[in-house]
Amino acid sequence: MSVKVFDTKEVQDLLKVASNLGGDNSNDSGNARFQQIVHRLLSDVFKAIDDLDITPDEVWAGVNYLNKLGQDGEAALLAAGIGLEKYLDIRLDAADKAVGLDGGTPRTIEGPLYVAGAPVREGVSKIDINEDAEAGPLVIRGTVTDTDGEPVPGALVECWHANSKGFYSHFDPTGAQTGFNLRGAVRTGADGKYEFRTLMPVGYGCPPQGATQQLLDGLGRHGNRPAHVHFFITSDDHRKLTTQFNIEGDPLIWDDFAYATREELIPHVVEKTGGAALGMKTDAYKDIEFNIVLTPRVQGKDNQIVNRPRVSATA
Ligand code: MBD
Ligand code: FE
């Protein structure tokens, strides 16, 4: 069937009424921006069906897939896996470049597994609450500075990462983790320093029976990430930074299903001793120095704040 109907008046009229494009919104809840976006996305789908001769069976497979995606609660996971979240970063990077903003620690995607509400400590926090026999001790520390290299006091450094199974507390199907295990928040002092005492994470893998992995299977892709640690860094006088680093040496560093790896975000892992004095579980531990450079606000505004639904909990 190689009929082409997209450009007919019937179809173009259908797209307009279905999205209520240009509708009178004065007396109802319609929203012009929403109508514009839905009209465009619907048009792109209709056009693709025409161009690629997508069959009714294929369309219904796709519609049904959306049901499974919602049932599995994986829409934000899929957004990472199909590069949509990376694409938003590429656009933010380009917007920064366009106004000459550079010099900060690179951003990279937030991912779907942040939980707000971790207890805030001054300067240093030990965040491994639950035992994890497979995971060795890890110190993550650094200094938060501005683009002139001056320490930033009063910055809130939040971090979150997986355990030795690649699972995050609050989303762990094994039930092995409680509360804010491997999630922390530290306020920097006058020296701008922060430190987390924790355990070495292992890379994440998508739930094997979930909708995201199902789509990736159809593409012949894996759904794994290298070991990594997420950060939010918030300061009144700077832009909020969303970033991560990868654990040096992980074989998936340049094969991340979510495309979050950046050259500048692979700090060295250094073997140290003296962990006992720090309250680590063995005297030998690994140390990662990750210094963070925040960028100034743009005309007093934080233009990189992202509002999206996030889980929150109380410690
Ligand atoms: C993760 O831990 C993650 O960071 C992303 C982006 C997607 C799935 C799991
Ligand atoms: Fe993650």
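All ligand and atom numbering here is 1-based and tracks the order in the structure. What you are looking at is a predicted structure, and each value in this text was computed from that prediction instead of being measured.
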Item to complete: Give the contacting part of Ala260 toward ligand 1: side chain, backbone, both or neither, where contact means a heavy-atom distance below 4.0 Å.
Response: neither

Fill in: With the Fe ion (ligand 2) as the apex, the OH/NE2 angle for Tyr168 and His228 - to 10°
80°

Item to complete: Output yes when the distance from some N or O of ligand 1 to some N or O of His230 is under 3.5 Å, and no in every other case.
Response: yes

Worksheet entry | Shortest protein contact, atom 7 (C) of ligand 1 (heavy atom only) | Pro112 CD, 3.4 Å

Discussion item. I'd like to know if Asp256 and Arg225 make a salt bridge, using a cut-off of under 4.0 Å between side-chain N and carboxylate O.
Written reply: yes

Fill in: Where at least one partner belongs to residues 267-284, residue pairs that pass side-chain hydrogen bond (donor to acceptor under 3.5 Å, both in side chains), sequence neighbours excluded
Glu248-His268

Worksheet entry | Protein contact to atom 4 (O) of ligand 1 [nearest heavy atom, distance to 0.1 Å] | Arg225 NH1, 2.6 Å

Discussion item. Only heavy atoms of Leu113, strictly under 4.0 Å: list the atoms of ligand 1 that pass.
Written reply: 1 (C), 2 (O), 9 (C)

Worksheet item: For Thr108 and Gln244, does a side-chain donor sit closer than 3.5 Å to a side-chain acceptor?
Response: no

Item to complete: Decide whether the shortest distance between a heavy atom of Glu110 and an atom of ligand 1 is less than 4.0 Å.
Response: no

Fill in: Closest protein heavy atom to atom 2 (O) of ligand 1, given as residue, atom name and distance to 0.1 Å
Tyr168 OH, 2.8 Å

Worksheet item: Are side-chain N/O atoms of Asp217 and Gln213 paired as donor and acceptor at under 3.5 Å?
Response: yes

Worksheet item: Sub-3.5 Å donor-acceptor pair from the side chain of His39 to the main-chain atoms of Ile37, do we have one?
Response: no

Worksheet item: Does Glu85 approach ligand 1 within less than 4.0 angstrom via side chain, backbone, both or neither, non-hydrogen atoms only?
Response: neither

Discussion item. I'd like to know if Arg297 and Asp237 make a salt bridge, using a cut-off of under 4.0 Å between side-chain N and carboxylate O.
Written reply: no

Fill in: ligand 1 to Tyr204 polar contact by distance, N or O atoms, under 3.5 Å
no

